[in-house]
Structures are given as structure tokens and as C-alpha cells.
There are 2 protein chains.
Amino acid sequence: MPKSTVSKLVPKVPGVSVPGASRRQQYSASTKRALVDVAESLFTEHGYAATSLDAIVAGARVTKGALYHHFSGKQALFEAVFERVETDASRAIQKALRGKKDPWEKALAGLRAFLTVVQEPRYRRVVIQEGPSVLGYERYREQEERSTFANVLEIVRSVISAGTWELDEDMLQTFSRIFFGAMSSAGETVSSAEDPIAAAERVETAITFILQGFQALADAGVELPSGRSESS
Amino acid sequence: MPKSTVSKLVPKVPGVSVPGASRRQQYSASTKRALVDVAESLFTEHGYAATSLDAIVAGARVTKGALYHHFSGKQALFEAVFERVETDASRAIQKALRGKKDPWEKALAGLRAFLTVVQEPRYRRVVIQEGPSVLGYERYREQEERSTFANVLEIVRSVISAGTWELDEDMLQTFSRIFFGAMSSAGETVSSAEDPIAAAERVETAITFILQGFQALADAGVELPSGRSESS
DNA sequence: TCTGGGTACGTACTCACGGTATGTGAGCCA
DNA sequence: TGGCTCACATACCGTGAGTACGTACCCAGA
């Protein structure tokens, strides 16, 4: 379809029509959504570098003019996709946490939700695989910080504070980072395993075991050192 | 410097001159090394996408003909850089492990070596940040599998077998993956912290604490479940 | 109802960059 | 000393990101 000048004549399906917006604004928001939708799909399937803007605008049935009207460039478009995937993931995890009061139960529910999220191709590709490279580590970290990682931190905080110890903020961050990395890697293992279900069970077993270690230490009254440990 | 036809007249510094090779072969190997050297430097500094082949060949004082004679393309060149960085990292870790007999001591030494390696800008940029994106996850995993991850696996194996438990191969892989992810993330935290030394100490403290949990479980005679855990 | 302005695009173009086809001179071997 | 091959150099092409500019449409105000 080389020319699609008629496309602006057909009424664009406005997704969710916001009542307090003019028709122009609705159309605009619609094309923007369409761009992000197509971009998310193509980025997920072929990756960032292998996806051309021409393919994206063709899929959204607009031209590059529209794209550059809404986004400052390819990277900004990727960022919009990234943010949406992250937000969805974070919401899914928070939904799983809702209602759980016991911190250990909460942790397990969070783990399972995360293991589910990390199976999504779009999350794997956009966030884990290409996020650090495309956004750069700084921006990547900023985004993670206020979405998925925030959930992990909250879980760790509740688990820690439920134990007998208490912890300064730095150590809490450190523990959270470690668990976050552990879960990311575990999720990657699960999603790329030949048998993801069995792999997920193994991960759950392993994490549970580690948490049991924590409980054992708590029962034994071992303190959590927050200062420096003497090195040999 | 637009023309550098003289460059092939100046005797190229042959790095380590292999005795059993003709002058042609030595020159060839030298230019190949130069290409990888420059590429490593530029990839580390500006990233993969922001580094043009023109810049690389200019830095190595050759032309694209030379580059495409030695490598099939930009990605292949990156792969060569990646492999070298990985190999160096693996060697550094193995060197740190040498001589340690006690598995716990070994684990700690490995941790420290890894935390050191992950501070290197080239490792952070080439391996962690851009490796998954440029190589794709499959090739990335293959490479990691037989270098840094192999070290982690060996450490975990020795620690596990030193405890009272024993473990089937799948669970061992799972544990290793988890620890590998934990350490990667921890390393990232350390390297991007405002005070890396203090951050490294916190990481050591945290990891040590987790390992203490393992020991506590071992002392208590808790078994490591290798089968499936019943899910609620 | 007309009109001016601004928004939301479309069109045509530039330029940088990865990749390729082909030329060429220096080295090894007979 | 000739020929052959390797190790490049040179010139070129296609693709794709980004830009400059034109334009149709909607909405507010008169």
C-alpha cells in the first residue's frame, strides 16, 4: 500500500475515548498509541536495531512525520515502549502482592509473579535484553528503580523488618539489589529453559531454601552486621 | 590523515612476535590485534552503535578493506572484543581461586575477584551492558557459559559438596544461576556506587550473611530438596 | 458563517554508516 | 625471475535515521 492518504479519512478507532478531549486530541492520542503498539510488537520480535522506523510507521499506517511529531526520535519511541512494559510488569507484581500480610508469603507471591512476568517475550526483549544497551545504564537504572525494583525493595524491607533484625538503608538497598539480580537471572533461566515449569519449581525451591537460611539465622539470633566486616 | 599509504611501509610493532610465522603472517596478526584493540577502546567508550567502522579503521590506521578481510562484519568484530574481555575476566578470577582449598574461602576469594572485574569499564560496557543486545541472548549465554559462569558453577559445586548435602545437576545449575545473577547485580551496584569501596564491603557482608544461612542449615541438618516442592 | 492560527500530520530530501566489488602491491615459492 | 596469492586499499551502493517544509484539518473568536 504505497499511498494511504485515505487513512485519515477513515475514522480511527479511538481505543478508549477520553470524554473531556476534542476529536483532534483523541485522534492524536490514537495515532500515538498505535505507534507505541506497533513499535512494541516489532521491537519485541526483531529487536531495536533490526526494526526500522519505516516498518513502524507502515505498521501504524502513518508516516515519519507523524512519528517525529510525537517522539523526538527512535530512542524516545523505544523509551515509551519500555516504560509501558515496565509499568505493566510492576502492576502485575503489585496485584499479586495485594492482600498478602505475612511477609514470607508476600515474598513468595512476589517471586512467583516476577517469574511469570519475566516469561513475557516483550519484557525479556525490551527490558532485560535491550534496555541497558539502548537507554544506557543510567536511564535504565532510573526506570527500574521506580518500578520493578521498588517492588523487590518493599518485599525485602517487609521480610527484614519481620525478622528480629533491623537494617540501615544502605544494607537494605544492597540486599534488595542482590535479590533483584538473583531473581532476574533466575527468571532468565526459567524463561529460556527447555521445561520452564520444572525450572520455575527449581527456582522456587532454591529461593525458598535461601530464605530458610535467613529464618535459621533469625532463630539463632544472629545479628545482621551493618558496619564493616573485618577482612582477613 | 586522509591518506596513509605509507602506513604499510613503517614496520608495525608486532606485539609478541611468534617465531614460527612468516613476516606476512606476523603483519597480518598485528593489524588484526590493532583492530581489536581500537575496537575495544571505542566500544567501551562510546558503545557499539555509536562507534562507526570508519572510526575504528582510522584508529587502527587501516581501511575497511582490512577490517572486512579479518572479520565478517561489525558484529564479528564486537564478538572478538567480547571474547577477549571475557577471557581476561575469567583468567583473573581463576587466578584468585588458585591455591584456595577451603571452599568457603574459595567462594569469598571468587566473590572479591568478580567484584574487582566488574569494575572494569570494558567489562561493564562490553559484556554486561551491550553483550546481550549485540550478540543476542543465545550467543551471549553460550559465551558466559564457558567463561565467567563456569567459575561460579565450580565454586558453588565445591561449596555444596563441602556441606553435608548433595545435589543433582539441575539444582546445582539453578543455584549457580541465582548466585551468578546476584553477583552480577551486586557488582553493578558496586561499580556505580558513589563510594565503591564501601559498597563492596556491604556486598561482601550481605553475601557472607547469606552463606552463613547456608551453614546454619547445614549444621541443623536441613536437607536440600531436589525434587518438586508441593505448590499451594 | 467566515477567518485566522495552530495542530497534526505528509512529502521529499540529506547524510552518515554498514557493507560490497574490485583493484593492487608486496611477499612467498617454483 | 616469473607467477600466484594473500593482505590489504579504493570506490561505490543501499539502507535507514533524521530534517525541512508544505498542507489539510480542527477549533476559537468575530
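Numbers restart at 1 for each chain; the letters A, B, ... are given by sequence-line order, proteins then strands.
The two residues A/His70 and A/Ser28 make their nearest non-hydrogen contact at CE1-OG, 3.1 Å. Heavy-atom minimum distance, A/Val38 versus A/Ala60: CG2-N, 3.8 Å.
Distance B/Asp54 CG to D/dT10 C1': 13 Å, rounded to the nearest Å. For the pair B/Tyr68 OH and D/dC13 C1', the interatomic distance rounds to 13 Å; values are reported in whole Å. Atom NZ in A/Lys74 sits roughly 13 Å away from atom C1' in C/dC17 (whole-Å rounding). Put simply, CG on B/Leu67 is 9 Å from P on C/dG19, counting in whole angstrom units. Atom pair B/Phe71:CZ and D/dA7:C1' shows a separation of 14 Å (rounding to whole Å applied). Atom CD1 of B/Ile56 and atom P of C/dC17 are 11 Å apart (whole Å). Separating the NZ atom of A/Lys64 from the C1' atom of D/dC21 is a distance of 15 Å, rounded to the nearest angstrom. Whole-Å rounding puts the A/Tyr48 OH to D/dA17 P distance at 8 Å.
Heavy atoms of B/Ser72 sit nowhere under 4.0 angstrom from any nucleic acid atom.
Not a single ring-ring contact (aromatic ring centres under 6.0 Å, His included) links B/Phe114 to another residue, sequence neighbours left out.
Counting heavy atoms from C-beta outward, B/Val127 and B/Thr148 have side chains that stay 4.5 Å or more apart.
For the pair A/Ser28 and C/dT7, the criterion of a side-chain N or O lying under 4.0 Å from OP1 or OP2 is not met. Applying the 4.0 Å criterion to OP1 and OP2 of C/dC9, one finds that A/Thr31 has a side-chain N or O inside that range. OP1 or OP2 of C/dA8 has not a single side-chain nitrogen or oxygen of A/His70 nearer than 4.0 Å. A close approach under 4.0 Å does not occur between any side-chain nitrogen or oxygen of B/His69 and OP1 or OP2 of D/dC8.
Considering only side-chain atoms of B/Ala66, the nucleotide from D/dC8, C/dC9, C/dG18 that sits closest is D/dC8.
The number of heavy-atom neighbours closer than 6.0 Å to CZ of B/Arg139, taken from other residues, nucleotides and ligands shown, is 12 or below.
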